[in-house]
Amino acid sequence: MPAQKGWLFDVYPSRDGMVLWLKTEQRCLRLIDPYWATFYLGGPDAALKQCAAYLSRQRLPITTKWTERKELLSDCFIPVLKVSTPRLDRFSTLVQSVYRVNPELTFYNCDILLPQLYFYETGLFPLAQCELAYDEAFRLTDFQLLDSAWEIDYLVPPLRFLQLRMEQDANPNHGRPTRLIASVDDREFVFEAEGAELLHGLNALLLTHDPDVIVTRYGDSYIIPRLRRLADAHGSPLALNRDGAAGIRGKQSKSFFTYGKIVYRAGAQVLHGRWHLDIENSFAVDETGLDGLVELARITKLPVQRCARTSVGTGVSSMQLDVAFRDGYLIPWRKRLPEAFKTGSELLLTDKGGLVFQPRIGWHEQVGELDFSAMFPTIMVKHNISQETVLCDCCPENRVPEVGHHICTKRRGLVPRTLEPMLERRMTYKRLLKQPLTTEERERYDRRQSALKWLGVVSFGYQGYRNARFGRLEGHEAITAYSREALLAAKEIAEAQGYSLLHAIVDSMWLQKAGAMVQDYERLAADISRQTGLPILVEGMYNWIAFLPSKRSPKAPVPNRFFGRFLNGAMKVRGLEVRRSDTPGFVRCAQAAMLATLSTAKSSDECRALIPGLLDDLRAKVDQLREGRVSLAELAITKHLSQEPGEYKTDTILAEAAKDLASRGVRLSPGEEIQLVIVDSRANDKVSKAKAYALYDGSLGYDVEKYTELLLKAAESVLWSFGYDYARLKAMFPEGLSLRRNEVTEAIQPFSRLLRSRGSLAMTRDSRGNHEAEESK
DNA sequence: AAAGTACGGGG
DNA sequence: GTGTACGTACTTT
């Protein structure tokens, strides 16, 4: 009987069982595992018996068995009916039909996607190295796992890539049809968007190259749907999929509300036996690249293409399900409830219960910053905070400070058990990063640890889900109570040692003490760690840091508008224009350049000496704007629609641009991102204030003065501490020759997001506003 | 002045 | 699969 070693590349259900694709050095092998998927039913004996009888009358192969399994909340065994079927394609319809017949039964393990359930049950996971044995019909007969999801130095198989993108960098759904560019290795192929040549050319490329991964920009929302329509129209096949029997699974786009804002999720085009990754539709790929995606898929056990497209919260949830499943717990069906539902926040904001001490506005030198590392996840682990441990029946004496909830001391919670190995794993990567490594290794470990960090951040928010499978509001309250206690204690310890607090927010504090060196801060951090039981580290020492005031009331501090220079020359920037996604590239780069220049200065005096130069640069930028030498791509502003284009009550630039697109037949959904260029912000006669970037030919120019204003306001943020406010800057650059209708030069597009996908796998986004400046600069 | 609209998190 | 924070900044009415 043949056996093959390789990596588990793809897993999905089919009529005949679970399809497994094994990637070896040479090829990709399709096997089928005749796997029986199982769910459980609980309830009164009579009802269960009746249900078993109903199931025996079904025409599907189904087995039922009486057994006992543990319930999560009570930790007690309860009698349940185990229902299994090999017809994976009918699994969810089967659950639905049982529910229709007897909605009073309690359902368990029935709403978990089958590949996940398969992974939990077998111990396999995406990209696991394993040896699979199979018969002549390519049916799996045995397997051996040669890998562990917790392995640090795991191997990733060699993968072949095909990249697809449209010629224009803007969202093709919002623009005119352009040519399709396919690239393989370093070769590029350009196809006209219509016609049979495209299909033939692409098919030839797919067949000769046989890529494992198709990486696209806008593949989910535009390229693949178009290719499929084209193939249908010509009646010719399209070889995108590797599994000819399975087809491409399309998912509808949707808009939904979460945490106060509407989110748009593009549809999906999921391949079988081959991955399609749309970098414009993947948080994980965008933030942490392919390395982060593989790391997440391995430890969350979400199939790679699903992992690429879901929120990190889904990953956290999957890890918890895995732990619960392996411990033999029944997993309750999370029915969608119609009532209001509070979602977990990915923001660690003050209103969520974190403590803030407002900053001392202004310029400060010789400042140290201490940050609690992974504060919320660490609290959950340390204090055993989990759905089933908060307000337990057995430990009324173990109280949370302030809020008074009690937490179990007898039983280790599901959430801490999930988080603990993950925190440890991230620490291992961080330790590795301190050792001598090649650039490649450094980047890989850094992306992996960054992917893990997201899991930690989100797992806190998850506690706030009132009806989340493993969330609990009281757990959330307990976490923030512990965090306040820890920050307060840290402040007191620091002050007792002669430090004065400049600013503190949730898990970070900025301190000052004459003559204190890094070692002193290290010692302080060690003291705080010891006394609070939570690890706190020196984030860095600043030569200088500027805490900016509120723009509306210049005497009021705000917690998150500051920038400073670390001793090693790196800058930390929060709340400035560079950090905002709706700042045009031209302004963002101008401000980033100013900050980079300041980062070369180690003191207020050195900064002051740089100001004349900064003002010269600023003048050059203003001139560039006024002379119409800025490209549209640099002026494009990205914003998210909060509603349908027609629902806007006020004519803002965003509403105008959305209506511009809508009037030209572009369908837009709430939450969707659009790009616009301001043409004349003061137009109030219903003449366009703004144009959609994707469709704008530049004939109306751009609003020089508006962009100058944005530029000067960004400059104000940087120069405010040196006495330059907006009024003063404006006076220095009086409205000259105001060219409202400029000739626009289509210059090179240095801010094109395209750059991210060019090259083999340089797929992560440059972070906004973190400018690593070298000490030697 | 009031109402409408958008943004942010971490490293 | 997800179901509407809250404070700040800015624009429009």
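Naming convention: chains lettered A, B, ... in sequence-line order (proteins, then strands); numbering from 1 in each chain.
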note = Dot-bracket assigned to DNA chain C with the 3.5 Å Watson-Crick/G-U criterion, [ ] for crossing and | for other-strand pairs, is .....||||||||
In terms of side-chain heavy atoms of [X], which of [options] is nearest?
| X | options | answer |
| --- | --- | --- |
| A:Asp651 | C:dT13, C:dT11, B:dT5 | C:dT13 |
| A:Arg265 | C:dT2, B:dC7, B:dT5 | C:dT2 |
| A:Lys254 | C:dT2, B:dG10, C:dT13 | C:dT2 |
| A:Ser550 | C:dT2, C:dA9, B:dG8 | C:dA9 |
| A:Lys649 | B:dA6, B:dG11, B:dT5 | B:dT5 |
| A:Thr650 | C:dT13, B:dG11, C:dA9 | C:dT13 |
| A:Trp454 | C:dA9, B:dG9, B:dT5 | B:dG9 |
| A:Lys713 | B:dG4, B:dG10, C:dC10 | C:dC10 |

Go through the N and O atoms of the side chain of [X] and the base of [N], and report whether any donor-acceptor pair is under 3.5 Å.
| X | N | answer |
| --- | --- | --- |
| A:Arg574 | B:dG10 | no |
| A:Lys453 | B:dG10 | yes |
| A:Gln449 | B:dG10 | no |

message = For the C1' atoms, the ones on B:dG11 and on C:dG7, what distance do you get once it is rounded to whole angstrom?
response =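 The same atom, C1', in both gives a distance of 24 Å.
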query = Taking the C1' atom of each, how far is C:dA5 from B:dA6, in whole Å?
reply = 14 Å
Any side-chain N or O of [X] under 4.0 Å from OP1/OP2 of [N]?
| X | N | value |
| --- | --- | --- |
| A:Arg579 | B:dG9 | yes |
| A:Tyr648 | B:dA6 | yes |
| A:Lys706 | C:dC10 | no |
| A:Thr314 | C:dT2 | no |

Atom [atom1] of [X] and atom [atom2] of [N]: how far apart are they, to the nearest Å?
| X | N | atom1 | atom2 | result |
| --- | --- | --- | --- | --- |
| A:Asn560 | B:dG11 | CG | P | 12 Å |
| A:Gln643 | B:dT5 | CD | P | 5 Å |
| A:Lys434 | B:dG11 | NZ | P | 14 Å |
| A:Leu455 | B:dG9 | CG | C1' | 15 Å |
| A:Tyr264 | C:dT2 | OH | P | 16 Å |
| A:Tyr445 | B:dG11 | OH | P | 21 Å |
| A:Lys639 | B:dG4 | NZ | P | 17 Å |
| A:Lys689 | C:dT13 | NZ | P | 6 Å |

ask   = Partners of A:Phe91 by ring-ring contact (aromatic ring centres under 6.0 Å, His included), sequence neighbours excluded?
value = A:Phe39
ask   = Sequence neighbours excluded, which residues qualify as ring-ring contact (aromatic ring centres under 6.0 Å, His included) partners of A:Tyr521?
value =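 Only A:Tyr499 meet the ring-ring contact (aromatic ring centres under 6.0 Å, His included) criterion with A:Tyr521.
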Applying a 4.0 Å non-hydrogen cut-off, can you work out what [X] is touching in the nucleic acid: base, sugar-phosphate, or nothing?
| X | answer |
| --- | --- |
| A:Ile653 | nothing |
| A:Arg426 | sugar-phosphate |
| A:Glu539 | nothing |
| A:Lys551 | sugar-phosphate |

note = For A:Leu676 and A:Leu654 the tightest heavy-atom approach is CD2-CA, 3.8 Å
ask   = After noting the C-alpha distance and the side-chain angles of A:Phe357 and A:His503, does the key distance pass the ring pair (Phe, Tyr, Trp, His ring centres under 6.0 Å) rule?
value = CA-CA 6 Å; A:Phe357 296 96; A:His503 180 36; 9.1 Å; no
key: Working for salt bridge (Lys or Arg N to Asp or Glu O under 4.0 Å), residues A:Asp278 and A:Arg309   = CA-CA 9 Å; A:Asp278 180 348; A:Arg309 287 174 178 82; over 6 Å; no
With [X] via salt bridge (charged side-chain N to carboxylate O under 4.0 Å, His left out) - residues at least two apart:
| X | value |
| --- | --- |
| A:Glu369 | A:Lys572 |
| A:Asp725 | none |
| A:Lys301 | A:Asp322 |

query = Honestly, is A:Arg426 close enough over A:Tyr429, meaning NZ or CZ under 6.0 Å from the six-membered ring centre and within 45° of the axis?
reply =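 The answer is no; the distance or angle limit is not met.
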